[in-house]
Structure formats: structure tokens, C-alpha cells
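Letters A, B, ... mirror the listed sequences (proteins, then strands); counts begin at 1.
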2 protein chains.
Amino acid sequence: MLSNSSKYAIKAVLFLAIHSNNKRVMVKDISDPINVPQAYLAKLLQPLVKEELVSSVRGPKGGFYLNEENLNHSVIDIIRVIDGEEKLNSCMLSLEKCNEEKPCPLHNMLVVSRKNILNNLENRTIKELALAVEKGNAFLPL
Amino acid sequence: MLSNSSKYAIKAVLFLAIHSNNKRVMVKDISDPINVPQAYLAKLLQPLVKEELVSSVRGPKGGFYLNEENLNHSVIDIIRVIDGEEKLNSCMLSLEKCNEEKPCPLHNMLVVSRKNILNNLENRTIKELALAVEKGNAFLPL
DNA sequence: TCTTAAATATGATTTTTATCATATTTTTTA
DNA sequence: TAAAAAATATGATAAAAATCATATTTAAGA
């Protein structure tokens with residue numbers, strides 16, 4: 001369901017949400033702790049900046065950070081930018097003609113859970129997720 | 001979450017469950033209707049035969065089919081054989097150290113739905129899924 | 001205004017996944 | 001028992017995803 005790239009991007013954004021408090025942090029200082037190759041992460045961050053899910057400034061003392069607006073985005077926004085809309089909406093077997101009216105055998109079995117997952121990814125903001133970590137209700141290991 | 005290979009394998013098994021009623025059907029006659037390259041599917045079927053999720057006989061009049069035992073397996077068995085156990089159990093962000101005690105921010109949000117999906121994949125048999133199609137409650141398009 | 005440190009842009013390489021091709025084995029049937 | 005039709009086994013190729021490398025642009029500070 002999620003590509004490696006999306007996972008990396010999500011980890012990076014969560015890391016920023018937790019560790020940069022409006023401070024700019026450079027790729028290296030994100031990629032190292034979250035265990036993602038630096039150059040690769042740098043590349044992933046570009047579309048996120050372009051789509052305004054992440055903020056950045058160039059030059060010395062530059063780096064990445066999240067502003068208030070960024071913090072109010074949801075995880076699904078990240079996935080949309082990195083993996084694209086189709087992957088999110090495609091049926092579990094990738095059957096084009098599978099839909100509510102003509103569901104494939106897995107469809108009914110999974111619709112509810114699937115919708116739940118998508119709803120959660122859609123509605124919880126990055127800020128909320130970071131808050132959970134700060135409160136000790138969640139963790140960001142590795 | 002699911003590789004293309006797993007999707008193909010599931011489609012093939014469901015196709016067999018619905019269309020071969022103990023009749024042997026050759027790869028070509030599976031691959032064509034389910035829209036999967038023949039040689040690729042042939043290759044995918046081998047591990048399924050080896051793990052006794054699918055039955056086969058060689059030679060003229062040979063082909064693939066599902067016996068009673070095969071029909072009582074579940075979709076998750078197919079995924080296990082093709083994609084492997086790890087993919088199924090790994091956390092959404094693939095954090096090794098993410099678990100019930102130290103959940104990542106996505107974990108809590110998704111555990112319930114996730115467990116539901118896995119339970120369903122585990123408990124519904126191929127036979128049941130095929131039955132749903134025969135009864136017109138589900139469809140297998142493409 | 002020059003140097004330096006950072007992001008950004010672009011392209012090359014590697015690895016993985018998907019696909020194609022071909023040779024071998026098994027079974028049927030003539 | 002020979003020929004043909006099927007699965008099976010193995011390896012080669014192609015495409016996609018992940019990773020690495022390098023050059024360019026921007027901003028800070030001396």
C-alpha cells in the first residue's frame with residue numbers, strides 16, 4: 001500500500017514536527033536519526049516543499065521546518081504527493097472495474113477497515129500526531 | 001502492502017475457484033481472462049503448487065485446479081507464499097522497533113483496522129469467496 | 001562583494017520487481 | 001513406444017523503484 005518513499009517522507013515530516021520547533025534543521029540531521037539515505041531524503045523533500053507540506057530556506061543556517069500551516073496537514077497529503085492519488089484509491093487487487101456496485105471478493109471484506117484507515121490518515125493532523133509523541137502516547141524509534 | 005505478484009496470484013486462485021470445478025485448466029486459460037502475462041503467472045503458480053495451495057498435473061489434458069483442501073485455504077496463505085511473512089507483519093512505517101508497547105504515531109490510529117483486515121484475510125476461505133461470486137454478491141471483473 | 005553552507009535540480013547507478021524466453025520433465029494418447 | 005501437450009525449472013531481459021553523485025542556486029556573514 002505504501003511505497004518506501006512515502007514511509008520515508010512520513011518519518012521525516014513527523015521527525016520535523018517533533019524536533020524542529022520552528023528551528024531549521026538540515027537534511028543530514030533528519031536523515032541520520034530516521035535512518036534514511038541523505039541524498040534520497042533530500043530528493044523526497046523537494047515535492048513536499050513544492051506542495052507546501054514542508055518549509056525550507058536555502059543557504060547557510062538554512063534547512064527544513066514546519067510552519068503552522070504545514071503542521072495542520074495530514075499524513076494522507078504526504079502520501080498523495082509522493083505516491084499519487086491512484087495508489088490510495090485502487091482496489092486491493094487493482095481491479096479497475098471493482099467498485100461499490102461490482103465489488104471484487106476482497107472488496108466487501110475490506111471496505112470498512114479500508115475506509116477507517118483512509119479516514120484516519122485524512123483527519124489526524126501532523127500536529128496531533130506529534131503531540132501524541134510529546135505526551136508519551138506514541139514513539140518514534142529509529 | 002500487496003505486491004503485484006500477490007495480486008496476480010490471488011486473482012488466479014479466485015479464478016480457479018470459480019471456473020475450474022475440479023476441471024484442469026491451463027495457464028493460458030487462466031492468464032488470459034485475468035489479464036496477467038502467461039509466463040509470469042506460470043512462474044507464480046509454482047510456489048503455490050509446492051505449498052499445496054493449488055493442484056496441478058502435467059502433460060496433455062493437464063492443468064491447474066483446486067481440490068477441497070486447496071479451497072479451504074485463505075487469501076493470507078497466498079500472500080505468505082508470494083510476499084513472505086515479514087511484509088504482512090511489518091508496521092505501516094516499517095519501523096522495526098514499533099510494537100504495542102512502543103507504538104509509532106500511526107500505529108494506534110491503525111491497529112484496529114489493520115487487525116480487522118488481517119483477520120479477514122486469515123479467516124475467509126477461498127471457497128467462501130468464490131461462493132460470494134457465484135451468489136452474485138461479488139464480482140471478478142478483468 | 002566574496003566565501004561558504006545550505007537547499008535544489010538533474011542525471012547516473014544499483015537493486016528489486018516484473019516480464020519474457022527457452023529448455024526440461026511428465027503424462028496422455030495414438 | 002513415440003509424439004505431442006502440458007507443467008516445471010532456469011535464466012535472460014526490461015521496467016520501476018531506490019540510491020548515489022554532482023552541479024547549480026540561494027542566502028548568510030565576514
field: Residue mapping more 5' on DNA chain C - nearest nucleotide basis, A/Pro60 or A/Ala42
entry: A/Pro60

query: CG of A/Leu48 versus C1' of C/dA9: gap in Å, rounded?
result: 16 Å

message: In this structure, how many angstroms lie between the C1' atom of C/dT17 and the CG atom of A/Asn4, rounded?
response: 13 Å

message: Regarding B/Glu51 and B/Arg80, does a basic nitrogen lie under 4.0 Å from an acidic carboxylate oxygen?
response: no

Nucleotide of C/dC20, C/dA7, D/dG29 approaching A/Lys61 most closely (side-chain heavy atoms): D/dG29

message: For D/dA18 and A/Ser5 - does any side-chain N or O of the residue sit under 4.0 Å from the phosphate oxygens OP1/OP2?
response: yes

statement: CG of A/Leu45 to CZ of A/Phe64, rounded to nearest 0.5 Å, is 4.5 Å

- prompt: Whole Å only: how far is the CG atom of B/Leu44 from the C1' atom of C/dT17?
  reply: 11 Å

- prompt: Out of C/dC20, C/dT8, D/dA7, which has the shortest distance to the side chain of B/Pro37?
  reply: C/dC20

- line: Between CD of A/Gln46 and C1' of D/dT22 the distance, given in whole Å, is 15 Å

A/Ser3 vs D/dA17: side-chain N/O to OP1/OP2 distance below 4.0 Å: no

field: Protein-nucleotide distance (B/Tyr8, atom OH; C/dA18, atom C1'), rounded to Å
entry: 7 Å

statement: Value for OG1 (A/Thr125) from CG (A/Leu131), rounded to nearest 0.5 Å, stands at 8.5 Å

- prompt: Of the options B/Ile78, B/Val133, B/Leu66, B/Leu140, which is the one that meets B/Leu14 in a side-chain contact (heavy atoms from CB on, under 4.5 Å)?
  reply: B/Leu140

message: Just the rounded figure in Å: distance from C1' of D/dC20 to CG of A/Leu41.
response: 14 Å

message: Among D/dA4, D/dA7, D/dA28, which nucleotide has an atom closest to any side-chain atom of B/Met26?
response: D/dA7

- request: Find the distance B/Leu2:CG to C/dA18:P and express it as a whole number of Å.
  value: 11 Å

query: C/dA7, D/dT8, D/dC20: which one has an atom nearest the side-chain heavy atoms of A/Phe64?
result: C/dA7

task: Could you pick out which residue, A/Gln38 or A/Arg58, lies toward the 5' side of DNA chain D when each is mapped onto its nearest nucleotide?
output: A/Gln38

query: So which heavy atom on B/Leu129 is nearest to which on A/Pro105, and how close?
result: CD2-O, 3.8 Å

field: Nearest-Å distance for atom pair CG/P, residues A/Asp83 and D/dA17
entry: 9 Å

- request: Kindly point out which of C/dT27, D/dC20, C/dT19 is positioned nearest to the side chain of A/Lys43?
  value: D/dC20

